[in-house]
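Reading through the structure tokens given below for one structure.
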Amino acid sequence: MRIAPVLATLAVLPVCALAEPVRVRSGEHDTFSRLVFPSGEPLEWTIERPWAGEARIAFAPSPDLDLAEIFLRIPRTRLRDVTQAPEAVILDLGCNCPVEVSQIGSGHIVIDVVDGDPLPKRPAPAVVGSVLPLPYELLPMSLAFPRLPAADPEPKRPATQKVEAPDESAGIPPQVRRMEVRDRPFVLPETKADSEAPLAASCDLEVVATEILLRDPNEAFGELEGAMAEVLDGEDRFEPDRLIDLAETYLAAGFGAEALQIADQADRSAPHIPPLAAALDDLPRPDGAELDPACGPATTLVTLLDTDPAKGWERADRKRLVEFVDRLPLERWRDLKGRLGARLALVGEDDLLTGIHEDPETPELQVAVDDVTAAGTDADAITAVRTILSRANEEGVASEDIHLVNAMALRGSIPPGPEKAQFDLTLATAFALSRRPVETVGFVADGSVPADPVFDVVVGRLEPAVAAEFLARLRPYLTPERRADPRLQPLFAAIGLPDAAARFAGRATPDRPREVTDEPATDPWLARDLVQVAEAEDAAIRGEVAAAIVERNATPMPETDLAAAERVLRDSERLGALLADLLDREAPS
């Protein structure tokens with residue numbers, strides 16, 4: 001990935017965040033539940049506890065929060081609900097839980113709801129109606145109202161609560177009625193399908209797996225750069241809490257092994273990532289990951305993609321599985337279809353998904369592949385990729401990189417012969433039309449493809465500015481006739497080089513690395529063959545220099561130091577005079 005776009009993204013994050021609600025993320029830990037949201041400025045806060053089951057956090061300045069995704073990651077145990085009022089963020093707690101708020105170095109606000117004692121009975125609200133704030137015991141009987149019962153920490157739904165009429169004999173005015181006192185706002189239950197069963201605590205994987213598997217892999221792949229940027233804060237400091245989000249984005253894009261590696265570096269556990277990663281990349285299920293197909297269709301799908309799909313299959317809801325698979329994005333379906341069909345065959349249900357995604361609306365795929373299917377064997381895969389490349393070549397368009405890479409990978413499986421020659425020519429043409437000169441000329445250089453058909457493609461189907469680069473690389477392998485092709489003159493003229501065609505055809509033989517056959521003729525003087533130079537008649541001064549050196553080398557050195565020094569001095573004077581004469585005679589005039 002290029003780092004510049006990532007840093008640019010980080011630089012504008014605080015500005016963009018002001019224009020829309022700030023998303024609040026959540027995470028579940030052994031002893032606390034955590035909420036986190038970014039803040040581009042320091043915040044101050046106060047925490048009020050009207051009673052043990054409620055906490056009100058007033059921020060200054062007050063942020064605009066997006067609370068929609070909080071309970072995708074955490075259960076409603078310590079934290080039952082979160083609402084944002086104009087004056088505060090209200091936490092509806094499931095226990096007498098301590099609430100801790102902090103702002104870390106990156107600017108993020110962290111709210112931790114820590115394990116606590118069970119909730120006590122909620123105190124009765126204050127009675128309104130008396131003029132004086134007298135204690136209940138001192139009120140006259142005509143003004144005294146009976147105490148309202150405290151609500152149970154887990155109240156029943158109003159639909160099933162039986163409300164009895166007040167007893168007028170107790171002195172209660174007829175217009176006053178006893179109403180149920182609740183410790184949380186009444187919210188209508190979500191409508192669920194008849195076949196949907198409530199999830200147990202051990203089925204937490206279902207919610208996350210559903211969200212990830214139903215995300216479009218192509219869109220998730222496009223979000224990877226942004227997810228990587230969020231791992232660094234505005235000051236380029238590492239935020240390990242973001243690694244789980246990045247790992248989930250990798251999972252949604254279909255990269256299981258990469259997601260697993262990233263999650264291992266996080267500072268908090270994410271038990272949903274290993275089984276999902278193993279399912280997407282066909283890896284063995286990690287130790288300790290027990291899956292129950294009864295949890296829901298997403299868990300059933302993950303179980304089927306396991307190495308032991310038959311375990312617990314009798315607990316799966318087949319109808320919901322089919323409905324869920326039918327909702328998968330098309331790219332996800334293509335990725336899982338083969339393995340899913342094989343796993344269903346192991347449990348005797350290979351016809352369960354008949355008709356799923358049978359007529360997808362993907363005209364671009366039908367144009368590219370049509371009725372060609374790579375069935376997994378080399379022969380079928382080779383036929384498929386060659387057909388795809390041939391159609392792109394016929395239309396004169398660049399082939400997609402994925403098809404070029406597949407073709408190069410399959411090329412080694414084709415034995416030498418006419419089929420491989422045709423495959424190589426198709427692939428070289430595809431590289432040429434994809435404007436890839438190095439790969440194209442590589443086929444010619446190693447003898448896989450003749451130079452002439454590649455020349456025709458380059459000259460006849462590429463724009464002049466692009467063709468010129470191909471021709472410069474292709475020239476050593478062309479015949480003189482091809483170099484003098486009449487189409488080259490207008491081609492070079494179109495790019496402002498009218499004389500280049502003549503220079504292109506200047507030599508009569510192809511350029512190739514020089515092959516050394518005979519020893520080149522060497523000047524004896526340059527080869528330092530002094531004996532031969534001393535005997536040469538056409539180089540008198542050189543001969544004299546050579547003869548002096550040969551004579552010096554052949555004369556033994558005197559044994560005494562003084563005699564040896566005198567000898568060296570005499571030889572040096574003689575050679576110096578000869579070399580000076582040599583320089584005078586051979587210096588340029």
Side-chain angles (χ1 to χ4, degrees), residues 372 374 377-489 491-492 495 497 500-520:
V372 177
T377 63
D378 282 346
D380 291 336
I382 291 167
T383 301
V385 73
R386 185 174 62 194
T387 303
I388 293 171
L389 296 179
S390 297
R391 290 177 179 171
N393 293 346
E394 291 172 2
E395 297 173 6
V397 298
S399 296
E400 295 182 19
D401 286 350
I402 184 64
H403 300 318
L404 296 172
V405 171
N406 286 341
M408 289 297 292
L410 292 168
R411 182 171 175 248
S413 300
I414 309 175
E419 183 179 358
K420 183 167 187 177
Q422 183 60 43
F423 186 90
D424 286 347
L425 180 58
T426 301
L427 182 52
T429 303
F431 273 121
L433 296 177
S434 300
R435 280 67 176 170
R436 306 278 284 269
V438 175
E439 293 85 349
T440 304
V441 179
F443 284 92
V444 179
D446 65 12
S448 301
V449 174
D452 286 358
V454 176
F455 176 86
D456 290 335
V457 172
V458 170
V459 174
R461 306 181 67 176
L462 297 181
E463 53 271 27
V466 177
E469 180 180 358
F470 279 83
L471 292 172
R473 296 175 182 270
L474 198 59
R475 182 178 181 274
Y477 309 100
L478 297 175
T479 62
E481 292 76 18
R482 284 295 186 180
R483 294 183 191 179
D485 192 292
R487 293 174 292 178
L488 295 180
Q489 189 67 43
L491 185 148
F492 284 111
I495 59 175
L497 300 172
R503 293 195 299 270
F504 189 85
R507 295 189 179 182
T509 56
D511 291 341
R512 63 173 64 91
R514 184 173 61 88
E515 297 180 0
V516 179
T517 55
D518 300 320
E519 288 294 330

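For residues 421-435, the set of pairs meeting the side chain to side chain donor-acceptor pair (under 3.5 Å) definition, not counting sequence neighbours, comprises R411-D424, R435-E463.
To the nearest 0.5 Å, atoms CG (N393) and CZ (R461) are separated by 6.5 Å. To the nearest 0.5 Å, the span separating CD on E394 from CG on L389 amounts to 11.0 Å. Rounding to the nearest 0.5 angstrom, the gap separating the CD atom in Q489 from the CG atom in L497 is 10.5 Å. Rounded to the nearest 0.5 Å, atoms CG (L488) and CZ (R482) are 9.5 Å apart. The distance from atom CZ of F470 to atom OG1 of T440, rounded to the nearest 0.5 Å, is 4.5 Å. T387 contributes atom OG1, which lies 11.5 Å from atom CD1 of I382 (distance to the nearest 0.5 angstrom).
For the pair A432 and L462, the tightest heavy-atom approach, listed with the atom from each and the gap, is O-CD2, 3.6 Å. Annotation for V385 and H403: closest pair CG2-O, 3.5 Å, computed over non-hydrogen atoms. When every heavy atom of L474 is checked against every heavy atom of A451, the shortest pair comes out as CD2-O, 4.4 Å. Across every non-hydrogen atom of V449 and A428, the tightest pair is CG2-CB, 4.2 Å. The two residues V444 and P450 have their closest heavy-atom pair at CG2-O, 4.1 Å. Pairing each heavy atom of K420 with each of P415, the nearest pair is CB-O, 3.4 Å.
Residues V458 and V466 have side chains not in contact (no heavy-atom distance under 4.5 Å, counting atoms from C-beta outward).
Under the side chain to side chain donor-acceptor pair (under 3.5 Å) criterion, D485 pairs with R487, sequence neighbours left out.
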Could you go step by step and tell me if F443 and V454 meet the side chain to side chain contact (heavy atoms under 4.5 Å, CB included) rule?
CA-CA 9 Å; F443 284 92; V454 176; over 6 Å; no

Go through the steps to decide whether D401 and R436 satisfy the test side chain to side chain contact (heavy atoms under 4.5 Å, CB included), and finish with yes or no.
CA-CA 11 Å; D401 286 350; R436 306 278 284 269; 3.4 Å; yes

Evaluate the criterion side chain to side chain contact (heavy atoms under 4.5 Å, CB included) for residue pair Y477 and V441; output intermediate values, then yes/no.
CA-CA 9 Å; Y477 309 100; V441 179; 4.0 Å; yes

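The pair E395-R391 does not count as a salt bridge, with every side-chain nitrogen at least 4.0 angstrom from each carboxylate oxygen.
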